[in-house]
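Scroll down for the structure; my scribbles are underneath it.
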Amino acid sequence: MVIKTLQKRNVRILLVGDQGVGKTSLILSLVSEEFPENVPAKAEEITIPADVTPEQVPTNIVDYSSSEQTDEELNEQIKHASVICVVYAVDDDDSIDRISSYWLPLIRLSHPDNSCPVVLVGNKIDLVDESTIDGVYSIMEEFSEIETCIECSAKTLKNISEMFYYAQKAVLHPTGPIYSVENAD
Ligand code: GTP
């Protein structure tokens, strides 16, 4: 495995995903350390100072809402992100299908060289008894820009700080495969 270490001035984390998967709730749960019962359509952009992040790098967290933003605005945000969390709800198969049918191809349009790392985030694990992560591994095999995946719950706060830490780490300490099937003879 090749391990690259990059120096970055800041990390810009963008959350995308289908309506209602819990993007805004994840951000507000991280910030307030409790599940917000009433969520706005979109969270304000949040800046976390370097000294309170695990990697000591100033971090911006950016929400997306299809009801408040146009496709052009979404594409602009995708271009400027240093890492993108594609959020799905583990109890919503359609939101899982749309990771590979919609969200990852859309991200590739703005980052054709697959240069923007992606973290897959399965939210709402409080609603299911079994992990759905096995289905997600096959998506990871197909899209090499996916750095990692994590299941979490904005409601119980499980893995919330870990999720944002994984996103930071995907930018600051990305790992790439030493062997790429696409480039093999
Ligand atoms: P859009 O703004 O429409 O794109 O939605 P969103 O992805 O920002 O989702 P939002 O945070 O608005 O949450 C949608 C609904 O799911 C709300 O009713 C939340 O209370 C609920 N929700 C969010 N996270 C969780 C979770 O971890 N568990 C459960 N049970 N419900 C959740």
Side-chain angles (χ1 to χ4, degrees), residues 11-48 59-110 116-137 139-140 143 145-168 170:
V11 172
R12 189 171 176 84
I13 303 174
L14 172 67
L15 276 71
V16 300
D18 282 3
Q19 276 197 335
V21 293
K23 301 175 292 296
T24 309
S25 303
L26 287 168
I27 295 172
L28 298 182
S29 285
L30 175 82
V31 174
S32 61
E33 294 181 358
E34 63 181 1
F35 181 60
E37 289 300 336
N38 297 307
V39 271
K42 182 173 175 289
E44 294 294 323
E45 182 169 329
I46 286 161
T47 304
I48 303 180
T59 299
N60 288 48
I61 303 178
V62 182
D63 195 6
Y64 161 69
S65 168
S66 62
S67 64
E68 296 219 334
Q69 286 169 287
T70 62
D71 289 349
E72 286 72 30
E73 285 169 329
L74 170 61
N75 286 328
E76 271 307 295
Q77 290 297 353
I78 289 176
K79 271 192 201 118
H80 290 112
S82 33
V83 53
I84 298 176
C85 294
V86 178
V87 183
Y88 60 96
V90 294
D91 67 331
D92 175 359
D93 288 343
D94 285 349
S95 74
I96 301 177
D97 292 343
R98 295 232 316 152
I99 299 170
S100 50
S101 68
Y102 181 75
W103 289 107
L104 292 169
L106 181 73
I107 292 167
R108 280 190 174 181
L109 289 178
S110 294
C116 185
V118 169
V119 176
L120 298 185
V121 178
N123 187 33
K124 307 195 187 184
I125 42 166
D126 57 288
L127 294 179
V128 296
D129 294 328
E130 289 190 5
S131 165
T132 57
I133 209 88
D134 283 350
V136 165
Y137 287 143
I139 304 175
M140 290 182 75
F143 293 87
E145 61 272 42
I146 302 173
E147 270 291 319
T148 187
C149 59
I150 184 166
E151 290 187 322
C152 61
S153 167
K155 186 161 191 168
T156 64
L157 305 185
K158 178 153 174 78
N159 280 347
I160 297 302
S161 49
E162 286 82 353
M163 168 207 152
F164 288 97
Y165 176 51
Y166 281 12
Q168 264 198 346

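All ligand and atom numbering here is 1-based and tracks the order in the structure. Only heavy atoms go into these numbers, but all of them, side chains included; no hydrogens, no water, no symmetry mates.
- Within the listing of ligand 1, atoms 2 (O) sit less than 4.0 angstrom from a heavy atom of Ser65.
- Atom CD of Glu45 has more than 12 heavy atoms from other residues, nucleotides or ligands within 6.0 Å.
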*Derivation and outcome, side-chain contact (heavy atoms from CB on, under 4.5 Å), residues Ile78 and Asn75*: CA-CA 5 Å; Ile78 289 176; Asn75 286 328; 4.2 Å; yes

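- Every atom of ligand 1 is numbered from 1 in the order shown, and the set under 4.0 Å from a heavy atom of Gln19 is 3 (O), 4 (O).
- At a 3.5 angstrom cut-off on N or O pairs, Lys155 counts as close to ligand 1.
- Atom 31 (N) of ligand 1 has its nearest heavy-atom neighbour, among Lys42, Glu68, Lys158, Lys124, in Lys124.
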*Does the side-chain contact (heavy atoms from CB on, under 4.5 Å) test come out yes or no for Glu145 and Val118, once each step is laid out?*
CA-CA 6 Å; Glu145 61 272 42; Val118 169; 4.0 Å; yes

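- Judged purely by atom type and a 3.5 angstrom limit, Glu151 uses its side chain to pair as donor or acceptor with the backbone of Thr132.
- No N or O atom of Ser66 sits closer than 3.5 Å to an N or O atom of ligand 1.
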*Passes salt bridge (charged side-chain N to carboxylate O under 4.0 Å, His left out), Asp91 versus Lys124? Steps please.*
CA-CA 7 Å; Asp91 67 331; Lys124 307 195 187 184; 5.1 Å; no

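- Checking only distances, Leu127 never comes within under 3.5 Å of ligand 1, N or O to N or O.
- For Asn123, a nitrogen or oxygen atom sits less than 3.5 Å from a nitrogen or oxygen atom of ligand 1, counting backbone and side chain alike.
- The backbone N or O of Lys42 lies less than 3.5 Å from no partner atom in the side chain of Ser65, so there is not a single donor-acceptor pair.
- The residue among Ser67, Ala41, Ser25, Ala154 with a heavy atom at the shortest distance from atom 19 (C) of ligand 1 is Ser25.
- A donor-acceptor pair is defined here as one N or O able to donate and one able to accept, closer than 3.5 Å; such a pair exists between the side chain of Glu73 and the backbone of Thr70.
- Counting heavy atoms from C-beta on, the side chains of Val31 and Glu44 never come closer than 4.5 Å.
- Taking only nitrogen or oxygen atoms, main chain and side chain alike, Pro40 does not reach within less than 3.5 Å of ligand 1.
- Put simply, atom 23 (C) of ligand 1 has protein non-hydrogen atoms near it, under 4.0 Å away.
- The distance from the CD1 atom of Ile84 to the CG atom of Leu120 is 11.5 Å, given to the nearest 0.5 Å.
- The nearest protein heavy atom to atom 27 (O) of ligand 1 is closer than 4.0 Å.
- Closest to atom 5 (O) of ligand 1 among all protein heavy atoms lies Gly20 N, 3.0 Å.
- Of the protein's non-hydrogen atoms, Phe35 CZ, 3.3 Å is the one closest to atom 20 (O) of ligand 1.
- Residue, atom and distance of the protein heavy atom nearest to atom 9 (O) of ligand 1 are Gly22 N, 3.0 Å.
- A 6.0 Å sphere centred on OH of Tyr64 holds more than 12 heavy atoms belonging to other residues, nucleotides or ligands.
- Backbone and side-chain nitrogen or oxygen atoms of Thr24 are examined, and one is located within less than 3.5 angstrom of a nitrogen or oxygen of ligand 1.
- Considering both main-chain and side-chain atoms, Tyr64 never comes within under 3.5 Å of ligand 1 through any nitrogen or oxygen pair.
- Nearest protein heavy-atom neighbour of atom 30 (N) of ligand 1: Asp126 OD2, 2.8 Å.
- Near Val39, the atoms of ligand 1 lying under 4.0 angstrom from a non-hydrogen atom of the residue are 12 (O).
- Only one option out of Ile107, Ile146, Asp18 pairs with Val86 in a side chain to side chain contact (heavy atoms under 4.5 Å, CB included); it is Ile107.
- Closest to atom 4 (O) of ligand 1, if we only count protein heavy atoms, is Lys23 NZ, 2.8 Å.
- With Val90 as the fixed residue, the side chain to side chain contact (heavy atoms under 4.5 Å, CB included) test singles out one of Val128, Asn123, Val121: Val128.
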